[in-house]
Amino acid sequence: MARIKIDLPASFSFQTELPIRITDLNYGGHLGNDALLSLLHEARVQFLKSHGYSELEFGGAGLIMADVGIVYKGEGFYGDVLTVQVQATEFTKYGFDLVYRLSTQNGKEIAHAKTGMLCFDYQLRKLKTIPLEALDRLETKA
């Protein structure tokens, strides 16, 4: 099987700090893959909020995650505070990608990730074209 490769942008427009909680650890004593996905979700919600949006109100559309890829770079442990950087990339008619870099505060990389986000009409249960206002807002801070 081919390894996943996530191309990181030269710079990120958003950054947040998220602690690794005791409940985020797996039986190996380090950050579990399920918990890392939850941390990505938290970072995504904060990223959207910084632009004035939420996953249910994205300029007249909702958002739904179409795919996710994670490349693990190192272990995270209880008490580590992760710096999570987020950037919107690869805009299409119906959505965009969010790319993430997670590292400890001393610079050790923990993971690179990408989530494919699609605009979605939750009432009609179908894809929706990306709202121009939202596109302009995300591209301006790219």
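Bear in mind the structure is a predicted one, so any value in this text is a computation, not a measurement.
Judged purely by atom type and a 3.5 angstrom limit, H30 has no side-chain atom pairing as donor or acceptor with the backbone of N26. Remark: the backbone N or O of L63 is not paired with any side-chain donor or acceptor of E55 at under 3.5 angstrom. Without hydrogens or angle criteria, D136 side chain to E133 main chain gives no donor-acceptor distance under 3.5 Å. With hydrogens and angles disregarded, a donor-acceptor distance shorter than 3.5 Å links the side chain of R137 to the backbone of H51. Side-chain atoms of K73 never come within 3.5 Å of backbone atoms of S103 as a donor-acceptor pair (strictly under, hydrogens ignored). At distances below 3.5 Å, at least one donor-acceptor pair connects side-chain atoms of E57 with backbone N or O atoms of G59.
Summarising the geometry, atom CE belonging to M117 is positioned 15.5 Å from atom CD belonging to E90; distances are rounded to the nearest 0.5 Å. Once rounded to the nearest 0.5 Å, the distance linking NZ of K93 with CG of L127 reads 10.0 Å. One finds the CG atom of L56 at 10.5 Å from the CD1 atom of I64 (value rounded to the nearest 0.5 Å). To the nearest 0.5 Å, the span separating OG1 on T89 from CG on D7 amounts to 9.5 Å. Considering NZ of K128 and CZ of F58, their distance stands at 12.0 Å, rounded to 0.5 Å. Within the model, atoms CG of D97 and OG1 of T115 stand 7.5 Å from one another, a figure rounded to the nearest 0.5 Å.
With respect to T16, the side-chain hydrogen bond (donor to acceptor under 3.5 Å, both in side chains) criterion is satisfied by exactly one of Q85, Q46, E42: Q46.
By the 6.0 Å contact criterion, CD on Q105 is enclosed, its count of non-hydrogen atoms from other residues, nucleotides or ligands being greater than 12. Annotation for K49: atom NZ does not count as buried by contact number, only 12 or fewer foreign heavy atoms lying within 6.0 Å. More than 12 heavy atoms of other residues, nucleotides or ligands shown are found within 6.0 angstrom of OH on Y72.
Side-chain contact between I130 and L138 is absent, with no heavy-atom pair separated by less than 4.5 Å. At least one side-chain heavy atom of Q15 sits under 4.5 Å from a side-chain heavy atom of T83.
Residues forming a ring pair (Phe, Tyr, Trp, His ring centres under 6.0 Å) with Y122 (at least two apart in sequence, or on another chain): F120.
Cluster membership check: L48 does not share its hydrophobic cluster with L118, using side-chain heavy-atom separations under 4.5 Å among Ile, Leu, Val, Met, Phe, Trp and Tyr. One hydrophobic cluster holds both V68 and V86 under the rule that ILVMFWY side chains link at heavy-atom gaps under 4.5 Å. Two different hydrophobic clusters hold V84 and V45 under the rule that ILVMFWY side chains link at heavy-atom gaps under 4.5 Å. The same ILVMFWY cluster, assembled from side-chain heavy atoms under 4.5 Å apart, contains both L82 and L37. A continuous path of Ile, Leu, Val, Met, Phe, Trp and Tyr side chains, each step under 4.5 Å between heavy atoms, connects Y53 with M65, placing both in one hydrophobic cluster.
When every heavy atom of L98 is checked against every heavy atom of Y100, the shortest pair comes out as O-CE1, 3.3 Å. Counting all heavy atoms, side chain and backbone alike, G69 lies closest to I6 at O-CD1, 3.4 Å. Smallest separation of non-hydrogen atoms from F77 and G29: CD2-O, 3.4 Å. Looking at every heavy atom in both residues, A113 comes nearest to L40 through CB-CD1, 3.6 Å. S50 approaches F14 most closely through the heavy-atom pair OG-CD1, 3.6 Å. Closest approach of Y78 and R21 over heavy atoms only: CD1-C, 3.6 Å.
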Yes or no on side chain to side chain contact (heavy atoms under 4.5 Å, CB included) for I70 and L36, after CA distance, side-chain angles and deciding distance? CA-CA 9 Å; I70 300 172; L36 193 138; 3.7 Å; yes
L39 vs L31, test: side chain to side chain contact (heavy atoms under 4.5 Å, CB included). Steps then yes/no. CA-CA 10 Å; L39 291 171; L31 178 63; 4.0 Å; yes
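Salt-bridge check for K114 with D67: passed, with a basic side-chain N closer than 4.0 Å to an acidic carboxylate O.
Between F91 and F96, the angle of the ring planes lies from 30° to 60°, which puts this pair in the tilted group.
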